[in-house]
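Only one structure is covered here, and it is reproduced in the block below.
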Amino acid sequence: MKSIRKPRAYLCKITVNRCLDLLRSSRKRREAYVGPWLPEPLLTGNAASVGGMDRTAALREEDPETALLHKDQLSFAFLLLLESLSGRERAVFVLREALGTGYEAIADMIGSSPVSCRQLYSRAKRKLNAASRFKGNLETVNPPVPAAGREVYARTVERFAQALAHGRAEELLQLLTSDVVTLSYGGGKVFAALHPITGIERVSAFLLGIASRRTADTAVHPAEINGLPGFIVLIGDHPSSVLCFDFDPSGTHIRQVFITRNPEKLGNIRIQNK
């Protein structure tokens, strides 16, 4: 058997090619999806108690993708933007941005040239900026943590959850940007909005309508999702929805609400007895 002189490069190469194959197949399957498509939400914080009792919602700690997301603070909004890239553009961008891989190494992994990889990287950045409804450079999509810390985001999410729970429409309006967008994803498995909901009045009415239908066994559990505060909606012990957010630069207003309801996308959430 031929020896492998550079195991890391070899493993990266086969992983990249496998990922490209999966991207191609998943995009074909996605054509049959009902309504907007959203990536899978990942819990990136420490395991936290659910319902304040003796239960834990946790993601497998050994998951390398989770560690990478936490390290680079890739927001849910940013992951959604990555879907605007082709498979090769996405591979080059992630290898370059997240792993700091050189162009020559990337070229070897995807069977291209360093010059072509540079062009793919530049094209990817242009596409991401164009796809962002906020324009500007990528920091407007994946904003830095506010000077006051992550607590700003957490307080905004807490106020958002309380406003929904108590039907306080005025307070909810104060937490949303005027051009707020909500994407609700059921994947054809459960009820969800078929189209993006835009504008502060429509989004507010939609969210309050959902909250008004909660039952006695519904609980809301704060959680860190893709590196930012969000929350899990539980029906009994079972996750029914995950809500995560994109914030304005101050962290005090929400400009995108992502609601994942597809049960197939909630499989990373584990409810365990202590």
Side-chain angles (χ1 to χ4, degrees), residues 34-63 65-66 69-70 75-77 79-80 150-151 153-169 171-172 175-176 182-193 197 203-247 254 256-274:
V34 178
W37 179 90
L38 293 176
E40 182 177 355
L42 297 174
L43 303 187
T44 51
N46 295 326
S49 62
V50 174
M53 301 285 292
D54 59 349
R55 292 163 295 189
T56 300
L59 179 65
R60 296 180 302 275
E61 292 182 1
E62 69 273 14
D63 190 338
E65 183 180 13
T66 303
L69 287 172
H70 191 64
S75 71
F76 198 80
L79 291 181
L80 187 57
R150 240 167 239 284
E151 293 80 8
Y153 290 145
R155 283 197 298 270
T156 300
V157 171
E158 172 64 19
R159 290 182 60 198
F160 176 91
Q162 289 298 318
L164 283 182
H166 296 93
R168 297 196 289 258
E171 183 175 350
L172 183 63
L175 296 170
L176 305 175
T182 290
L183 296 177
S184 177
Y185 173 52
K189 309 291 184 182
V190 295
F191 172 78
I197 300 168
V203 167
S204 176
F206 175 76
L207 294 172
L208 288 169
I210 293 175
S212 68
R213 294 193 291 270
R214 64 184 295 175
T215 59
D217 60 347
T218 301
V220 173
H221 171 62
E224 182 184 283
I225 303 165
N226 290 59
L228 294 174
F231 58 82
I232 303 163
V233 178
L234 298 167
I235 304 297
D237 286 337
H238 303 288
S240 67
S241 303
V242 169
L243 278 79
C244 48
F245 309 91
D246 181 44
F247 303 88
I254 294 168
Q256 289 192 99
V257 182
F258 306 103
I259 307 173
T260 302
R261 303 201 65 236
N262 185 350
E264 294 179 353
K265 295 283 180 146
L266 303 180
N268 67 344
I269 298 173
R270 302 286 187 263
I271 307 300
Q272 302 173 340
N273 291 326
K274 287 186 177 180

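These numbers come from the heavy atoms of this one structure, side chains and all, not from hydrogens, waters or symmetry mates.
Between I254 and F247 there is a side-chain heavy-atom pair separated by less than 4.5 Å. I225 is listed as a side-chain neighbour of L43, based on a closest heavy-atom distance under 4.5 Å.
Rounded to the nearest 0.5 angstrom, L243 CG and I259 CD1 are separated by 4.5 Å. Considering CG of L176 and OG1 of T156, their distance stands at 10.5 Å, rounded to 0.5 Å. Taken to the nearest 0.5 Å, the CD1 atom of I232 stands 5.0 Å off from the NE2 atom of H221. Distance check, rounded to the nearest 0.5 Å: CG of L207 to CD1 of I197 gives 7.5 Å. For the atom pair CZ of R168 and CG of L175, the computed distance is 10.0 Å after rounding to the nearest 0.5 Å. Atom CG of residue L164 and atom CG of residue L208 lie 6.0 Å apart, to the nearest 0.5 angstrom.
The shortest heavy-atom contact between L266 and S241 is CD1-N, 4.1 Å. Nearest heavy-atom pair, P41 versus V242, reported as atom, atom and distance to 0.1 Å: CB-CG1, 3.8 Å. Nearest heavy atom pair, residue A192 against residue G186, reads CB-N, 3.4 Å.
Checking side-chain atoms of K265 against main-chain N and O of L38 turns up a donor-acceptor pair under 3.5 Å. Judged purely by atom type and a 3.5 angstrom limit, N226 uses its side chain to pair as donor or acceptor with the backbone of L42. When atom types are taken as modelled, the side chain of R261 and the backbone of S184 share no donor-acceptor pair closer than 3.5 angstrom. Under a 3.5 Å cut-off, the side chain of S240 and the backbone N or O of V233 do form a donor-acceptor pair.
Relative ring orientation between F245 and F160 is described as perpendicular, the plane-to-plane angle rising above 60° on a 0-90° scale split at 30° and 60°.
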